[in-house]
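What follows is one structure encoded as C-alpha cells, with my remarks underneath.
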Protein chains: 2
Amino acid sequence: MQKGHYTYDYPRPAVTTDCVVFGFDGRDLKILLIERGLEPYKGAWAFPGGFLNMDETAEQGALRELKEETGLDLNYLKQVGAFSDVDRDPRSRVITIAFYALAKKSKVSGGDDAAKAQWFSLNDVPRLAFDHDLILRKAMQKLREDLHFEPIGFGLLDNEFTIPELQRLYEAILGIQFDRRNFHKKMLQTGILEEVEESPTNFYGSHNEMRSMSIDALFSDSIPNPHASYSNASDDSRSTRRWGTKFRFNKRRYDELKEDGNFKLEF
Amino acid sequence: MQKGHYTYDYPRPAVTTDCVVFGFDGRDLKILLIERGLEPYKGAWAFPGGFLNMDETAEQGALRELKEETGLDLNYLKQVGAFSDVDRDPRSRVITIAFYALAKKSKVSGGDDAAKAQWFSLNDVPRLAFDHDLILRKAMQKLREDLHFEPIGFGLLDNEFTIPELQRLYEAILGIQFDRRNFHKKMLQTGILEEVEESPTNFYGSHNEMRSMSIDALFSDSIPNPHASYSNASDDSRSTRRWGTKFRFNKRRYDELKEDGNFKLEF
DNA sequence: GCAAAAGTGTTTCGTTTACACCCATGC
DNA sequence: GCATGGGTGTAAACGAAACACTTTTGC
C-alpha cells in the first residue's frame with residue numbers, strides 16, 4: 001500500500017468497509033465501537049472499518065480492519081449493504097460496505113485490546129459518527145431476519161451452552177420473551193442440537209470441545225480469551241453456574257436438514 | 001460529468017451499479033438484459049447499469065442508468081448487495097452495488113425501447129457477463145425472502161388484478177404450487193386487498209384506476225405501455241380474459257397493519 | 001357442448017400456546 | 001431453608017392443509 005498518485009479520467013468515490021460486531025454477555029446484546037480521536041465526529045464512536053485495498057474483497061478488507069483496530073480475529077461476516085448517501089462523510093464522497101459479525105461470548109469483555117475499542121450494550125449506545133446509527137439499525141434488522149432462518153445465535157455463544165442461555169440470546173436479539181418449556185421443546189425439535197454428556201473432567205467448564213462437530217466451521221473463533229473484566233456492570237453469574245444441561249450445535253445435522261429444505265425455525 | 005483527470009493518493013476501485021429488473025407476463029418471471037457489444041464478454045448479456053456519478057446515491061445512479069439503457073422509468077429499488085470480488089471485471093478493479101426492481105406487467109414486452117434490451121424468462125437465461133449470474137442468484141434469493149414479509153408481488157402486476165393472477169405470480173417466484181382456495185382465503189384474510197367493483201365501463205379492461213389508493217405510491221409506474229409484442233413465445237391469453245374479480249392493493253390498509261406489527265404473510 | 005379456469009366452505013390435521021410442579025444450586 | 005433458576009408433559013386453541021362441485025367463457 002505504497003503512497004503515490006493515482007489518476008483516473010472520472011472522479012471516483014472512496015470505498016470503505018464497516019463492521020458491526022455483535023456480542024452477547026449472557027444478558028445484553030452488545031456492539032463493539034471505537035472512539036474517534038479526530039474530526040469529524042471527534043469523540044463520537046464508530047464501527048471498526050477503513051479503506052478497502054485493491055487486492056482484497058470487501059469481506060477481507062472488513063476483517064483486516066477489524067483485526068487491526070480491535071484485535072478481534074473473526075472469520076464470518078454477513079453483508080448488511082452498501083451505504084452511498086452523497087453527504088454521509090462531510091469530507092468527501094465515501095461509500096461504505098457494511099457487514100455484521102458475531103463474536104463468541106468468551107470474546108466479549110475481552111476485545112478491548114485495542115486502545116479505544118469498547119463494548120456497549122445496545123440499550124446504552126453512545127453518539128455514533130457519520131451514518132453509523134443508520135448502519136446499526138440496518139444491521140440489527142438483518143440480524144433479526146437472519147435469526148429466523150439460520151442458526152446464527154450459536155455464533156454468539158461458546159461452543160457449549162445451555163438452552164436457557166440460548167433462550168436469553170434469542171430474547172435479547174428479538175426483544176421478546178418466550179415460554180421456557182416451549183422454547184426448549186422447539187429448539188430440541190429442530191434436531192440441530194446435540195447434548196454434551198457431562199463427564200466429571202469437563203463438568204466445571206473445561207474446554208475439550210473438539211471431540212465432535214462444532215459450530216467452528218461456520219463461525220469459527222477457537223482462541224479462547226482468558227480475561228473477563230467487564231466494562232459495563234453486567235452480572236454474568238447465571239452463566240457460570242455449574243449445572244444445567246450443556247448442548248452443542250450440530251452443524252452436520254443442520255447442513256443435512258438445510259440441504260433437504262427441512263430446516264425451519266420460526267419465532 | 002466532464003472528462004478530466006482526478007488524482008488520489010491511494011488507488012480507488014471504480015464503483016458501478018447494476019439493476020436486476022424483474023417482470024411477470026402472467027406466466028413466467030422474467031428479467032431485463034442488455035447485450036454487450038464490446039469486449040469483454042462481447043455477445044453475452046448483462047444487467048443494465050454503469051458508473052456511479054459523484055452527486056448521486058447508488059439508488060439514483062441505478063435508476064438513471066436503467067432509464068438511459070432501457071427506457072424504463074421506475075422508482076423503486078431494493079438493494080441486493082455489493083459485489084467486490086477482486087477479479088470480477090477482467091479490465092480493472094470494479095465494485096458494483098446491485099439492486100433489484102419490479103416492472104409492472106404492462107411494461108414487460110415493451111421495454112425493448114432501447115436497441116438491445118430484451119426480456120428473458122428465468123427458465124431461459126442466456127450467457128451472462130461478469131459475475132452477473134451470481135448477482136442474479138442473490139437477487140432471486142432476496143426477492144423470495146422479501147416476498148414473505150412485504151406485499152412485493154403487486155409491484156409486478158398492474159394496478160388491478162385477479163387473485164389467480166397473483167397466485168401465478170407467487171408460484172412463479174417461489175417455484176411452488178398453491179391450492180386455489182387456500183391461496184384465495186389467505187390473501188383476502190390479510191386485508192390488504194380491496195375489491196374493484198366492476199362497472200360496465202371498465203369491465204373490459206379500461207384504465208380508470210385512479211379512483212382510490214393504489215400501489216403507485218410504492219411501486220409507482222403509471223405510464224401504460226400500449227404495444228404488446230412478445231419476444232419470447234408466451235401465451236398471455238389467460239390474463240386478458242374479461243371476467244374474474246378484480247382486486248387492488250390497499251396500501252393505506254397495509255401501512256396500518258404494518259404499523260401495528262399485525263401484517264403477516266407466510267407461504 | 002366441451003375444455004379451461006374461476007369462485008366458494010368445511011373438515012382434518014398439525015403446530016403453537018398456555019400452563020404447574022418438582023429438583024438442583026447458592027446463599 | 002429459602003430464593004433462584006432449570007427441567008419436564010398435557011390440554012386447548014388456532015392456523016394450515018386437504019378437498020369437490022358449480023359457473024363462466026372461448027372455441
Side-chain angles (χ1 to χ4, degrees), chain A residues 25-27 148 157 160-172 174 176-191 193-198 200 203-205 234-248 257 261-267, chain B residues 25-28 147-149 157 160-172 174 176-198 200 203-205 234-248 257 261-267:
Chain A
D25 67 358
R27 182 181 301 271
H148 292 287
L157 297 173
E160 296 187 1
F161 50 86
T162 66
I163 305 260
E165 277 177 322
L166 187 60
Q167 178 174 351
R168 279 190 291 274
L169 174 57
Y170 270 74
E171 289 175 341
L174 297 175
I176 51 181
Q177 303 271 103
F178 299 105
D179 178 276
R180 266 204 316 288
R181 290 157 292 193
N182 293 335
F183 185 89
H184 193 272
K185 202 191 313 169
K186 191 183 249 177
M187 271 299 165
L188 289 185
Q189 275 172 357
T190 63
L193 295 187
E194 61 178 3
E195 191 170 340
V196 178
E197 63 295 354
E198 298 275 12
F203 191 90
Y204 280 74
S234 112
D235 189 335
D236 198 35
S237 62
R238 58 174 92 189
S239 64
T240 53
R241 120 190 73 38
R242 286 162 199 154
W243 48 282
T245 315
K246 284 260 168 59
F247 290 86
R248 176 189 316 232
L257 291 170
N262 285 336
F263 183 73
K264 189 181 148 197
L265 188 49
E266 303 266 332
F267 281 100
Chain B
D25 65 0
R27 186 180 298 272
D28 289 329
L147 193 67
H148 292 288
F149 299 110
L157 297 172
E160 296 187 359
F161 51 85
T162 65
I163 305 258
E165 279 177 321
L166 187 59
Q167 178 175 350
R168 279 190 291 275
L169 174 57
Y170 270 73
E171 290 175 340
L174 297 176
I176 51 181
Q177 303 271 106
F178 299 106
D179 178 274
R180 266 204 315 289
R181 290 158 290 191
N182 292 335
F183 186 89
H184 193 272
K185 201 189 314 168
K186 190 184 251 179
M187 272 296 166
L188 290 185
Q189 277 173 356
T190 62
I192 60 172
L193 296 187
E194 62 180 1
E195 192 169 340
V196 178
E197 62 296 354
E198 297 276 11
F203 192 89
Y204 281 73
S234 111
D235 189 337
D236 199 36
S237 62
R238 57 173 93 189
S239 63
T240 53
R241 146 190 43 50
R242 285 163 200 152
W243 49 281
T245 315
K246 285 260 169 56
F247 290 86
R248 175 189 317 231
L257 291 170
N262 285 335
F263 183 74
K264 189 181 148 196
L265 188 49
E266 302 266 333
F267 283 99

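Quick note: numbers below take in every heavy atom, side chains included, and nothing from hydrogens, waters or symmetry partners. These numbers were taken from a predicted model, which means no experiment stands behind them. Sequence lines set the chain letters: A, B, ... in the order given, protein chains first and strands last, and positions in each chain run from 1.
- Distances shorter than 4.0 Å separate some side-chain N or O of B:Arg168 from OP1 or OP2 on C:dA6.
- Between A:Ile163 and A:Leu188, the closest side-chain pair of non-hydrogen atoms falls below 4.5 Å.
- Rounded to an integer number of Å, the gap from CD of A:Gln167 to C1' of D:dG7 is 12 Å.
- If you measure from atom CG of B:Leu188 to atom C1' of D:dA16, you get 16 Å, rounded to the nearest angstrom.
- If you take CD1 of B:Ile163 and P of C:dA5, they are 18 Å apart, rounded to a whole angstrom.
- Spacing between atom CD of A:Gln177 and atom P of C:dT17 amounts to 15 Å, rounded to whole angstrom units.
- Between A:Phe247 and A:Lys185, the residue anchored closer to the 5' end of DNA chain D is A:Phe247, taking for each the nucleotide with the nearest heavy atom.
- For A:Arg180, the side-chain atoms get nearest to C:dC21 when compared with the rest of D:dA17, C:dC21, C:dG7.
- Phosphate proximity of D:dG7 to A:Thr245: present, with a side-chain N or O under 4.0 Å from OP1 or OP2.
- Considering only the side chain of B:Arg181, C:dG9 comes nearest among C:dG9, C:dA18, D:dG6.
- Side-chain nitrogen and oxygen atoms of A:His184 include none within less than 4.0 Å of the OP1 or OP2 phosphate oxygen of D:dG6.
- Remark: B:Lys186 NZ to B:Tyr170 OH distance equals 10.0 Å, nearest 0.5 Å.
- For B:Phe267 and B:Phe183, the ring centers sit closer than 6.0 Å to each other.
- In this entry the distance linking CD of A:Gln189 with C1' of C:dT17 reads 13 Å, nearest Å.
- Between the P atom of D:dG15 and the CZ atom of B:Phe267 lies a distance of 15 Å, rounded to the nearest Å.
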Worked check of side chain to side chain contact (heavy atoms under 4.5 Å, CB included) between A:Phe161 and A:Lys246: CA-CA 5 Å; A:Phe161 50 86; A:Lys246 284 260 168 59; 5.7 Å; no
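- As a whole-Å value, the separation of A:Phe178 CZ from D:dT8 C1' is 20 Å.
- B:Asp25 and B:Arg27 are not joined by a salt bridge, as no carboxylate oxygen comes within less than 4.0 angstrom of a charged side-chain nitrogen.
- If you measure from atom CG of A:Asp179 to atom P of D:dG5, you get 16 Å, rounded to the nearest angstrom.
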